[in-house]
Structure formats: C-alpha cells, structure tokens
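Have a look at the structure below, then the notes.
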Amino acid sequence: MADQGSGRRPKYRRIADELRTAIEEGTYAPGDRLPGENDLMATYDVARMTARQALSVLRNEGLAEARKGAGVFVRSFRPIRRRGIPRLAQGNWGAGRSVWSADIEERALLVDQIEVTETTATPRTAEALDVPVDSPLCVRSRRFVLDDKPVLLSVSYLPATVAAGTAITTPDTGPGGTYARLAELGCKPTHFREEIRCRMPTADESERLALTPGTPVILICRTAFTEQGQPVELNEMTLDSGSYVLEYDFDA
C-alpha cells in the first residue's frame, strides 16, 4: 500500500479509481464481471487485502455487486430518476395514474409489505398534520420493489377524521392512489413540501432494502396540503441512495 505520509492516495483507492473510470467509459458494461482479487493482485502487484479493499469501494459506491461464488460484477440495475416536481402533478394521480409513473416508465414495480394500521399522533406527527397530540391517525406502510430490487420504504400518516371508513384504509387505495381518494373526499392536495436528508441505515432498513454494507439512505419527508393550507398527509420515505437520482427541474 502507498505510504500514507507521502500525500499519495492509497493503492486500493487508485485501483478503484481506474476500475471506476473503466466502468464509466464502458470497458465494463452493466452485468460484466470485474477483475477478481487474484487478477488485481497480479496486475497491480498488491496484497490480497488491497485488492479486496478496491473492490469494496466500488460495492459501497453502488457501482458493483458481489455474487456469491461468482465474483464481483458491474451493477446492472438502472437508477431511478426521481422527478421531484412532475411526479406529484395532479395530471398524474388525477387521471388515475400512480405518482411513480413519472419515474419508472414501463419498468416492473411491485408494492409489498403493505400494512394499514391505526395509531395516535406523537408530538412530531401532530405538529406536521396540525392535529392535537394523541389524535387518531391512519398509517399506511409499504415497500416498493423495482425490477426485483427493493428501492424504497414508505410510511404515510393521515388524520383518521379524513381517512376512516374510506379506501385509504385498505391495502389497495385504487386508481390514482391516496391523493385521488383525498380529492374525492374534498381534501385535494394542491401543495407539497419535501425535506431531504441522508444518514446511514438502521439494521431493519438494511435488511428490508437489501443494502450492501456502507450504503447510506436518503430520507424524504413530504407533507401534502389542501388549497386552504391544511396538511392531510405526512409521508416519510427511506430510499436506497444507490438506486436513485433526484431531479428537480424548475424555472428561475
């Protein structure tokens, strides 16, 4: 390994840089097997640990994935381009389409681990939804799987005074999803606010999203408001950071 005091990048970092460049230039295409530890040891005259660290860098960046007994391969999953503004346009859910239709085109989307329960508002959810603490809330929890890969966990909170006895409390809310049902109830969302931050995942999140070690998650907290400014939904989303590109397109 390179002398840390010399100012040079460690050898494993330089090897990872070269492999990353080869991936970006198409030398290794999605699904291609990358050089293994033995190959890197011979090519760069390094120890096995150095070769292993170089490959780990690419896995942690989401560029490569290890397949048991087969080696390390260029990740073939195509990231989701999450178009933050058009995906929430009324023209989508108002016409019976999912908000995901703006993101995934014709790719296969599965929603599983669906749970619809009731809870009471904590100080945090009460403040977000402008309801008293301990008010009854409807909770919708689900996981989104795209092309057989888990990509997002979502938990929505809605005032029970709005959702109780409606399709919102069923696993399948119907065409257009929750926002279309809210519109039918006279609570149409007309304004959204999203807050975004990142952190390392919990053990449960890592398992449910099948994350590789070292992969952070993106947290998006979205609040939906009616035309009168009343919050009607708080949606807390946990995204696999390696599966997303967040895109925001707006005029100056």
- Message: Just verifying a value: how many Å separate R143 CZ and E205 CD, rounded to the nearest 0.5 Å?
- Response: 13.0 Å

- Kindly compute the distance separating CE (M41) from CZ (R48), expressed to the nearest 0.5 Å. 4.5 Å

- Item | Considering all heavy atoms, the nearest A54-A16 contact | O-CB, 3.7 Å

- Check the surroundings of atom CD in E207: do more than 12 heavy atoms from other residues, nucleotides or ligands lie under 6.0 Å from it? no

- Message: With a 4.5 Å cut-off on side-chain heavy atoms, are L182 and L158 touching?
- Response: yes

- Measure the CD-CG distance between E194 and N235 for me, rounded to the nearest 0.5 Å. 8.5 Å

- Within-4.5 Å side-chain heavy-atom neighbours: L34 and I23: yes

- Take atom CD in E184; do more than 12 heavy atoms of anything else shown fall under 6.0 Å from it? yes

- Do V155 and V111 sit in the same hydrophobic cluster, where Ile, Leu, Val, Met, Phe, Trp and Tyr count as joined when their side-chain heavy atoms come under 4.5 Å apart? no

- Heavy-atom closest contact (C187 atom, V162 atom, distance): SG-CG1, 4.1 Å

- Hey, does Y12 have a side-chain heavy atom less than 4.5 Å from the side chain of V46? no

- S241 (side chain) donor-acceptor with P216 (main chain) under 3.5 angstrom: yes

- Query: Nearest heavy-atom pair of F225 and G229: which atoms, and what distance?
  - Reply: CD2-O, 3.5 Å

- Roughly how far, to the nearest 0.5 Å, is the CD1 atom of I80 from the CZ atom of F144? 10.5 Å

- Query: Picking from L110, V151, L152, what satisfies side-chain contact (heavy atoms from CB on, under 4.5 Å) with L146?
  - Reply: V151

- Query: Taking side chain as C-beta onward, heavy atoms only, is Y248 less than 4.5 Å from R82?
  - Reply: yes

- Side chains of L58 and L19 in contact at under 4.5 Å (non-hydrogen atoms): yes

- Query: What residues join L153 in its hydrophobic cluster, counting side-chain heavy atom gaps under 4.5 Å, either direct or through other members?
  - Reply: L209, L211, V217, L219

- Count the heavy atoms of every other residue, nucleotide or ligand shown that sit under 6.0 Å from CE of M200, and state whether that count exceeds 12. yes

- Query: How far apart are the closest heavy atoms of G36 and L55, and which atoms are they?
  - Reply: C-CD1, 4.4 Å

- Task: Would you confirm whether T43, through its side chain, and D39, through its main-chain N or O, come within 3.5 Å as a donor-acceptor pair?
- Result: yes

- Query: Is the number of heavy atoms from other residues, nucleotides or ligands within 6.0 Å of CG (D249) greater than 12?
  - Reply: no

- Task: Kindly compute the distance separating OG1 (T50) from NZ (K11), expressed to the nearest 0.5 Å.
- Result: 7.5 Å

- Item | Any L63 side-chain heavy atom under 4.5 Å of V74 side chain | no

- Task: Taking all non-hydrogen atoms of both residues into account, name the closest pair between T169 and C138 and its distance.
- Result: CG2-SG, 4.0 Å

- Task: Please say whether more than 12 non-hydrogen atoms of neighbouring residues, nucleotides or ligands are located less than 6.0 Å from CZ in R67.
- Result: yes

- Give a yes or no on this: more than 12 heavy atoms of other residues, nucleotides or ligands lie within 6.0 Å of atom CD of Q230. yes

- Are Y244 and F192 in one and the same hydrophobic cluster, where Ile, Leu, Val, Met, Phe, Trp and Tyr link if side-chain heavy atoms are under 4.5 Å apart? yes

- Query: Any chance CG of D45 has more than 12 other-residue heavy atoms, nucleotides or ligands included, within less than 6.0 Å?
  - Reply: no

- Residues which pass side-chain hydrogen bond (donor to acceptor under 3.5 Å, both in side chains) with R81, listed by chain and number, not counting sequence neighbours: E247

- From CZ (R59) to CZ (R75), nearest 0.5 Å: 13.0 Å

- Contact check, side chains of Q53 and I15, non-hydrogen atoms, under 4.5 Å: no

- Task: State whether E65 and K149 are salt-bridged, where the test is any N-O pair (Lys NZ or Arg NE/NH1/NH2 against Asp/Glu carboxylate O) under 4.0 Å.
- Result: no

- Message: If the condition is ring-ring contact (aromatic ring centres under 6.0 Å, His included), which residues does Y44 pass it with, not counting sequence neighbours?
- Response: none

- Side-chain (S206) to main-chain (T202) donor-acceptor, under 3.5 angstrom: yes

- Task: Please assess R181 against T178 for the test side chain to side chain donor-acceptor pair (under 3.5 Å), listing each intermediate value before the final yes or no.
- Result: CA-CA 5 Å; R181 303 293 78 75; T178 296; over 6 Å; no

- Query: Quick one: do D17 and R14 make a salt bridge, cutoff under 4.0 Å?
  - Reply: no

- Quick one: which of R140, E233, E236, R222 gives a side-chain hydrogen bond (donor to acceptor under 3.5 Å, both in side chains) with S156? E233

- Looking only at non-hydrogen atoms, find the nearest pair between P150 and V145 and report the distance. N-CG1, 3.9 Å

